[in-house]
Amino acid sequence: MLDARYVRENVETVRNALQKRGYEFPLAEFLAIDGKRISLLKETEELRNRRNTVSEEIGKLKRQHADASSQLAEMKEVSDRLKELDEKLRDLEAETKTFLLTIPNIPHESVPVGRDEQENKEIRRWGTPRQFDFEPLNHWDIAEPLDIVDFDRAAKIAGARFALMKGMGARLERALMNFMLDTHVTKGYREIFPPIMVNRDSMIGTGQLPKFEMELFRIADPEFYLIPTAEVPVTNIFRDEILREEDLPIYYTAYTPCFRREAGSYGKDTRGLIRQHQFNKVELVKFVSPEDSYEELEKLISDAEEILRRLDLPYRVITLCTGDMGFSSAKTYDIEVWLPGQNRYREISSCSNFEDFQSRRAGIRFKREGKKGTEFVHTLNGSGLAIGRTLVAILENYQQKDGSVVIPEVLRPYAGTDRIK
RNA sequence: GGAGAGGUGGCCGAGUGGUCGAAGGCAGCCGCCUGCUAAGCGGUUGUGGGGGUAAUACCCCACCCAGGGUUCGAAUCCCUGCCUCUCCGCCA
């Protein structure tokens, strides 16, 4: 969420910045609502002031058993008027809030301007795609003969876009999760295992709601949402709290299942493990001082890359352009892993700096030693990594001519074997 | 699922509808004092919004789980929701 006052005082800057991401900011509408709200606020505050003063007088008079009927009459009127204004004010405040909640974040100045993924900028590559002396297969053509993934039965049990992992498939899923968590913990991230169903406020806090209801699974009766990423519960750990300066930075890592509706992606990645309604992911989340957040973003992406480097999987890093960034992000790097079966790089991690966009929504503040007032922390997060897609990358990059798959060196202690056959 | 108790400032905890942003204690900070990181004394210590200032100061409004309501006036009364705890039942 953007700061209402900042928007009010920097209308043009805000509008130009949002235009870069293809978002037309309804400027006049906002200023109208906001202006009305402010003037109404002043009016009600004056009335309340009057009410407080006179009520106090009435109290005094009553204690002296004096007559207060004229004051009482006036107050009756003031009170009625206040009730009216309060109602209007409440509506306007709700309207302003909703308005602000649906405005995306302002891109950082270092973000390339562009319309869509065509204009993302590659910034580095790591590793060399392996030369195959045979035609490399898609991961599902590797997995199904090995009987480690069963899509047909998953469809019977649940439906399309679900997978049933079996034997070494299941084991590899677990091995990756442990390997990733262990690696991050060594680097100073604290391990978290959060709730994977959350309330509405949490979803608003990180920016999934109110705008993207369509992308979430919701449980109806007691109302809960299934998390689309651990970012949601982990970032909301400090919702409505004030941290101390010395608490920062805070690094968390969490493994969770993630659930996404994938509405609007019909026809995309219909086969295989790439796009599922349920998938596993290890996430990295940071709470940092504003002045450090861009440096922290570089460290974050590097910690995510570390997983791929240790698995010896070739990848590249790209900066998302203004038109391709997520709603809440000020700057996002994607890591794309090389998939020989598709002969292209595919997203496996997304690392973003949200600056104070999420912390303002969620009320995550901190207090500087010796300074008055509070500031919003900056929040960041990134996948470290998407487990299903990492498994895909391993199958495709480590496949052998005989249909077996070699297990990457670092994973062998976790997997209990050096080869799936 | 059934029965009951409760949600107050960083923590503990009091609060008769008006003088309560809220007693008291602890912790913290600043002084004083005491020759040694103990005790004592005095002061001070929340958040958000609006106004004001060069910046402080200062003024106003709101906040005692949340949202409604009653009242001239609500931390205090009423309703709803959320959360916590205890007992019984059930259960991984």
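Throughout, protein chains are lettered first and strands after them, A, B, ... in sequence-line order, and every chain is numbered starting at 1.
Rounding to whole angstrom units, CD of residue A:E45 and P of B:A62 are separated by 8 Å. Rounded to an integer number of Å, the gap from A:F366 CZ to B:U47 C1' is 16 Å. Put simply, CG on A:D86 is 11 Å from P on B:G73, counting in whole angstrom units. The interatomic distance linking A:L243 (CG) with B:G10 (P) rounds to 13 Å, in whole Å. Residue A:M75 contributes atom CE, which lies 23 Å from atom P of B:G17 at whole-angstrom precision. Atom CG of A:L72 and atom P of B:G17 are 19 Å apart (whole Å). In this entry the distance linking CZ of A:R244 with C1' of B:G28 reads 11 Å, nearest Å. Distance CD (A:E56) to C1' (B:C60): 14 Å, rounded to an integer number of Å.
Here the two rings, on A:H108 and A:Y294, have centers that are under 6.0 Å apart. Between A:F212 and A:F327, the ring centre distance stays below 6.0 Å. The ring of A:F217 has its center closer than 6.0 angstrom to the ring center of A:H277.
Taking the C1' atoms as reference points, B:C64 lies 16 Å from B:C11, given to the whole Å. Rounded to the nearest Å, the gap between the C1' atom of B:C33 and that of B:G40 is 8 Å. Distance noted for atom C1' between B:C59 and B:G52: 8 Å (whole Å). For B:U56 and B:G51, the C1' atoms lie 16 Å apart once the distance is rounded to whole Å. Taking atom P in both B:C20 and B:A62, the straight-line distance is 15 Å, to the nearest Å. Nucleotides B:G4 and B:C63 have their C1' atoms positioned 31 Å apart, rounded to a whole Å. Comparing B:G68 with B:U76, their P atoms are spaced 14 Å from each other, to the whole Å. Between B:G7 and B:U70, the distance separating the two C1' atoms is 23 Å to the nearest Å.
Pair check for B:C20 finds none; no Watson-Crick or G-U wobble contact set falls under 3.5 Å. Using Watson-Crick or G-U wobble geometry with both donor-acceptor distances under 3.5 Å, B:A14 finds no partner in any strand shown. The nucleotide B:A55 finds no pairing partner, because no Watson-Crick or G-U wobble arrangement with both distances shorter than 3.5 Å includes it. When both pairing distances are held under 3.5 Å, B:U84 makes a Watson-Crick or G-U pair with B:A5. Shown here, B:C63 forms a base pair with B:G46; the pair counts as Watson-Crick or G-U wobble because both key distances fall under 3.5 Å. Nucleotide B:G31: paired with B:C41 (Watson-Crick or G-U wobble, both distances less than 3.5 Å). When both distances must be under 3.5 Å, the Watson-Crick or G-U wobble mate of B:U70 does not exist.
At the heavy-atom level, A:K62 lies under 4.0 Å from base atoms of the strands shown. Using a 4.0 Å heavy-atom cutoff across all strands shown, A:L41 reaches sugar-phosphate atoms only and no base atom. Among the atoms of the strands shown, only primed sugar atoms or phosphate atoms (P, OP1, OP2) are found under 4.0 Å from some heavy atom of A:R90.
Of the side-chain N and O atoms in A:R5, one or more sit less than 4.0 angstrom from OP1 or OP2 of B:G50. Taking only side-chain nitrogens and oxygens, A:K367 comes nearer than 4.0 Å to OP1 or OP2 of B:U47. Phosphate contact (OP1/OP2 of B:G49, side-chain N/O of A:R37, threshold under 4.0 Å): absent. At the phosphate of B:C63, neither OP1 nor OP2 sits under 4.0 Å from any side-chain N or O atom of A:R48. Listed pair A:T374 / B:G48 meets the phosphate criterion, a side-chain N or O lying under 4.0 Å from OP1 or OP2. Checking the phosphate oxygens (OP1, OP2) of B:G50, no side-chain nitrogen or oxygen of A:K42 falls inside 4.0 Å. At the phosphate of B:C72, neither OP1 nor OP2 sits under 4.0 Å from any side-chain N or O atom of A:K60. A sub-4.0 Å separation between OP1 or OP2 of B:G73 and a side-chain N or O of A:S79 is present. The phosphate of B:C61 (OP1 or OP2) has a side-chain N or O of A:N52 nearer than 4.0 angstrom.
Residues A:I348 and A:S383 are not in side-chain contact: their nearest non-hydrogen atoms beyond the backbone lie 4.5 Å or more apart.
A salt bridge does not link A:R365 to A:D356: none of the charged side-chain nitrogens sits closer than 4.0 Å to a carboxylate oxygen.
Side-chain atoms of A:N49 lie closest to B:C60 of the nucleotides B:C60, B:C72, B:G49.
Classification of the A:F25-A:F99 ring pair by plane angle, with boundaries at 30° and 60°, yields perpendicular. In this pair, A:W338 and A:Y345 present their aromatic rings perpendicular. The plane angle is above 60°, beyond the 30 to 60° band.
Residue whose closest nucleotide on RNA chain B sits further toward the 5' end, between A:E46 and A:I58: A:E46.
Side-chain contact annotation: A:E215 with A:Q208, donor-acceptor N/O pair under 3.5 Å absent.
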